Amino acid sequence: MDKVKGMMNLIVESTFTLVDSWKTRIEVEGGLADIEIDEYMRSFSGDVISRACFGSNYCKGEEIFLKLRALQEAMSKKGLSTGVPRMRYLPIKSNREAWELEKEVRDLILHVVKERKGAATYEKDLLQMVVEGAKSSDLSQEATERFVVDNCKNIYLAGYETSTVSATWCLMLLAANHERQHNVRTEVVEICGGGTPDAGMLRKMKLLTKVIQESLRLYPPVAVVSREALEDMNFGEIFVPKGVNIWMMVLALHTDPEIWGEDAYKFNPNRFAKGIKGACKLPQVYMPFGVGPRVCLGQNLAMVELKLLMSFLL
Ligand code: HEM
């Protein structure tokens with residue numbers, strides 16, 4: 001959490017950019033504007049992740065980020081998803097495009113790392129943490145570079161779409177529930193008094209926290225989580241042979257009336273009034289950020305990002 005506190009200013013800057021662009025649109029359109037928020041939310045969370053990952057080099061981060069998005073699109077093109085074995089190794093156009101983008105992303109990331117080696121001050125961003133993680137292990141030069149590049153790509157991919165989707169649903173729920181929106185706004189105004197929220201203020205925003213928790217329950221951005229059994233396993237009376245993939249339907253677990261009660265499909269932030277344990281019969285099934293050893297590494301950052309964004313907009 002302390003590391004996230006150090007990133008709050010970066011998130012505030014991204015939030016200002018978003019709020020300013022909406023203010024301008026509203027002014028241009030005479031005081032009232034119909035804004036489709038999808039692309040704005042994408043830019044916002046892309047901006048946050050670029051700043052969190054690359055600190056003051058975030059412009060370079062945004063360049064990398066745009067290439068990663070293009071790479072995601074290239075990878076999802078038909079040629080790569082025909083199901084034909086080894087297709088992804090053939091030098092067809094879409095594969096060549098993806099390989100080229102992968103190389104560009106790798107070169108850009110390693111260029112930033114190289115630039116930092118000669119710098120007098122050092123950044124406290126995610127890239128620096130990854131670089132230090134690589135340094136403390138006993139890896140060859142090639143493996144170190146792969147470690148840094150792969151981790152940067154992972155952070156981008158894991159933290160971009162998830163935050164975009166969460167923010168979008170949370171805003172949709174508040175837009176559709178005027179009374180709750182009014183109550184959360186009152187809370188935010190009382191706590192911040194028109195100023196920029198700091199970590200202490202965000203902690204005090206109990207209702208906003210509940211709204212975000214409830215939004216993540218009803219619309220978990222990672223709706224399905226899977227695991228492969230690496231050996232034969234027994235879960236009670238269920239036998240799972242080695243190699244079988246187990247899929248956990250997070251959305252179904254989050255909305256099961258037997259676990260959450262009759263109002264399982266309703267937006268009711270107050271169900272979290274006594275924490276997750278008080279909200280349902282089986283608290284372990286609430287897993288918007290996953291569970292266990294592979295739980296989301298960015299969950300504190302994501303919560304701060306969502307709270308800051310919501311409190312500024314409200
Ligand atoms: C509301 C936003 C977010 C949600 C709902 C979310 C959700 C998740 C979930 C469910 C997992 C576990 C997947 C599994 O068990 O297979 C996960 C993993 C991960 N998340 Fe997030 N995430 C969010 C934001 C972020 C952000 C902002 C970052 C980066 C700064 C991030 C970085 C990661 C990483 C690196 C992992 C992999 C951890 C590992 O495999 O050890 N996430 N996330």
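For ligands, and for the atoms within them, numbers begin at 1 and follow the listed sequence. Note that the coordinates shown come from a computational prediction; the quantities given were computed from them, not determined experimentally. Along the sequence shown, residues carry numbers from 1.
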Inset, instruction - Decide whether an N or O pair under 3.5 Å exists between R227 and ligand 1. - result: yes
Inset, instruction - Using only heavy-atom distances, determine whether the side chains of Y219 and S166 contain a donor-acceptor pair under 3.5 Å. - result: no
Inset, instruction - Examine N154 against ligand 1 and note whether any of their N/O atoms are separated by less than 3.5 Å. - result: no
Legend entry - Atoms of ligand 1 close to P221 [distance to a heavy atom under 4.0 angstrom, numbered from 1]: 5 (C)
Legend entry - Number of protein N/O/S atoms that sit closer than 2.8 Å to atom 21 (Fe) of ligand 1: 1
Legend entry - Close-contact set for ligand 1 against V225 heavy atoms, below 4.0 Å: 14 (C), 15 (O), 16 (O)
Inset, instruction - Compute the minimum heavy-atom distance from A52 to ligand 1 and say whether it is under 4.0 Å. - result: no
Inset, instruction - Taking only heavy atoms of P288 into account, list the atoms of ligand 1 that are under 4.0 Å away from them. - result: 5 (C), 7 (C), 10 (C)
Inset, instruction - Test the R271-W260 pair against the cation-pi criterion, namely NZ or CZ under 6.0 angstrom from the six-membered ring centroid and within 45° of the ring axis. - result: no
Inset, instruction - Can you sort out the partners of R227 under salt bridge (Lys or Arg N to Asp or Glu O under 4.0 Å), two or more places apart, ordered by chain and number? - result: none
Legend entry - Pairs flagged by salt bridge (charged side-chain N to carboxylate O under 4.0 Å, His left out) wherever residues 169-185 is involved - sequence neighbours left out: none
Legend entry - Residues which pass salt bridge (Lys or Arg N to Asp or Glu O under 4.0 Å) with E104, listed by chain and number, not counting sequence neighbours: K67
Legend entry - Protein non-hydrogen atom found under 4.0 Å from atom 27 (C) of ligand 1: yes
